[in-house]
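Below, all heavy atoms of this structure are taken into account, side chains as well, without hydrogens, waters or symmetry copies.
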Amino acid sequence: MGSDEAQQSLLSESRDHSLLNEKGDLQRRRPRRGSASETEINLQDKNVVQNLSHLQSISATKLEAEFHFKPVFLCLAAYLGAGTLCFYFTSYQIKGIKTIRFLDAIYFCVVTMTTVGYGDLVPNSSFAKLLACIYVFTGMALVGLILSKAADYIVEKQEVLLVRAINKGRKLGLAELSQEVENHKAKYKFMVAAATFIVLMIVGTIFLYFVENLDFMDAFYCVCATITTLGYGDESFSTAIGRTFAVFWILSSTICLAQFFAYLAELYAEGRQKSLAKMVLTRKLSPSDLEAADLDGDRVISAAEFIVYKLKEMGKISQEDISDMMESFRKLDQDQSGTLTEADLR
């Protein structure tokens with residue numbers, strides 16, 4: 001109950017320090033159209049929107065700054081390097097179709113870490129089997145935690161190019177382009193992942209058809225079994241050139257498929273969220289809604305109270321979130337004025 005009292009007192013104090021003179025004026029009359037008070041309110045609304053957009057751009061910039069490819073490549077290189085060395089020196093304990101010793105070792109690493117497991121190369125001793133078990137679990141963790149994040153970052157970078165291509169006839173400025181990407185982020189990520197996935201399937205099928213000398217149906221079948229990590233093993237890469245290609249293609253294609261389904265789920269969730277938001281925003285307010293939105297009990301709903309109420313109704317924030325934020329604000333507000341200044345932060 002203490003947090004609710006803090007919310008009410010802070011909101012009341014904030015209103016006393018706003019540009020809208022006294023609370024009694026708001027209850028008795030609304031500003032006439034075109035009046036100075038209405039102009040001030042409109043300016044405040046515009047400032048709120050601009051500040052929210054600014055916060056979104058800052059958040060995106062911070063996320064981009066936090067991600068670096070160098071650690072990803074170093075982790076992947078260290079993982080594949082260590083695995084290749086291990087399976088290179090234990091190659092006599094691995095049986096199956098062999099080509100070049102070093103190439104077979106790195107190919108076995110990729111097939112193991114992506115869980116494709118064709119069966120064309122298999123451990124043939126207790127030590128090799130134990131090594132493969134350790135390697136597959138660490139490989140799955142690497143793909144899930146690091147490589148998927150790298151793939152997501154690459155896809156987001158391609159969104160701008162996709163938006164430019166779709167809106168080729170329209171001249172979009174940088175701000176409009178950023179807004180378009182932000183408004184349909186899940187859709188464009190899904191489209192980029194789908195296009196990349198189709199290209200990888202076509203490239204893999206063509207390669208198997210011409211280089212591995214499989215007929216078209218077997219080539220397509222092998223591609224599907226590989227990308228989905230089924231790895232039946234009746235068709236696989238058996239030549240040195242084929243396994244060189246497979247090292248890069250298997251890694252990229254399996255990750256791409258995982259991202260494709262992740263973006264599909266994200267697109268569906270975003271669609272549901274937008275439908276809910278549209279329903280909430282278009283629904284007519286009732287007296288009970290006004291009573292619920294009136295946090296400080298003065299029978300007047302401010303813009304801040306309306307926004308908070310609608311965000312709660314959409315499920316974007318909870319009462320607990322509001323209470324925590326109000327408590328944080330109360331601690332920062334050293335002079336208990338209901339506003340934050342530089343003096344409060346010193």
**Request:** Look up atom OH in Y188 and atom CG in L267, then write down how far apart they are to the nearest 0.5 Å.
**Result:** 12.0 Å
**Request:** Could you tell me which residues satisfy salt bridge (charged side-chain N to carboxylate O under 4.0 Å, His left out) with E320, sequence neighbours excluded, listed by chain and number?
**Result:** none
**Message:** For residues I255 and F245: do they belong to one hydrophobic cluster (side chain heavy atoms under 4.5 Å, members Ile, Leu, Val, Met, Phe, Trp, Tyr)?
**Reply:** yes
**Prompt:** Is the backbone N or O of S337 less than 3.5 Å from a side-chain atom of D333, with the two atoms forming a donor-acceptor pair by type?
**Reply:** yes
**Item:** Residues clustered with F102, ILVMFWY side-chain links under 4.5 angstrom
**Value:** L85, Y88, F89
**Asked** At what distance, to the nearest 0.5 angstrom, does OG1 of T239 lie from CD1 of I100?
**Response** 10.0 Å
**Request:** State, yes or no, whether a side-chain contact exists between V300 and D294 at a heavy-atom distance under 4.5 Å.
**Result:** no
**Item:** Heavy-atom donor-acceptor pair, T90 side chain to Q93 backbone, under 3.5 Å
**Value:** no
**Item:** Results of ring pair (Phe, Tyr, Trp, His ring centres under 6.0 Å) for F197 - residues two or more places apart only
**Value:** F260
**Prompt:** Between the side chains of E305 and Y309, does any donor sit under 3.5 Å from an acceptor?
**Reply:** no
**Message:** Does anything in residues 235-263 form a salt bridge (Lys or Arg N to Asp or Glu O under 4.0 Å)? List the pairs, not counting sequence neighbours.
**Reply:** D104-R243, D120-R243
**Request:** Only pairs at least two apart or in different chains count here, so list each ring pair (Phe, Tyr, Trp, His ring centres under 6.0 Å) that has a residue in residues 107-128.
**Result:** F87-F108
**Request:** Tell me whether Y92 is reachable from I97 by hopping between hydrophobic residues (I, L, V, M, F, W, Y) whose side-chain heavy atoms are closer than 4.5 Å.
**Result:** no
**Fill in**
To the nearest 0.5 Å, atom OG1 of T254 lies from atom CD1 of I227 at 8.5 Å
**Prompt:** Applying salt bridge (Lys or Arg N to Asp or Glu O under 4.0 Å), which residue pairs with at least one partner in residues 277-289 are found, sequence neighbours left out?
**Reply:** R283-D289, R283-E313
**Message:** Other members of the hydrophobic cluster containing L230, with the 4.5 Å side-chain heavy-atom rule, please.
**Reply:** Y221, Y232
**Prompt:** Does the side-chain contact (heavy atoms from CB on, under 4.5 Å) test come out yes or no for T228 and L257, once each step is laid out?
**Reply:** CA-CA 7 Å; T228 57; L257 180 64; 3.9 Å; yes
**Residues that S238 engages under side chain to side chain donor-acceptor pair (under 3.5 Å), provided they are two or more places apart** = E212
**Item:** Partner set under side chain to side chain donor-acceptor pair (under 3.5 Å) for D215, not counting sequence neighbours
**Value:** none
**Those residues that, when tested against E291, pass side chain to side chain donor-acceptor pair (under 3.5 Å) (two or more places apart)** = none
**Item:** Side-chain touch V203/V199, heavy atoms, less than 4.5 angstrom
**Value:** yes
Could you tabulate the donor-acceptor pairs under 3.5 Å formed by side-chain atoms of residues 71-84, not counting sequence neighbours?
unit_1 : atom_1 : unit_2 : atom_2 : d
Y79    : OH     : Y135   : O      : 2.6
Y79    : OH     : G139   : N      : 3.1
T84    : OG1    : L80    : O      : 2.6

**Request:** Share the residues that join F216 in a hydrophobic cluster, the rule being Ile, Leu, Val, Met, Phe, Trp or Tyr side chains under 4.5 Å apart at the heavy-atom level.
**Result:** I198, I202, I206, Y209, F210
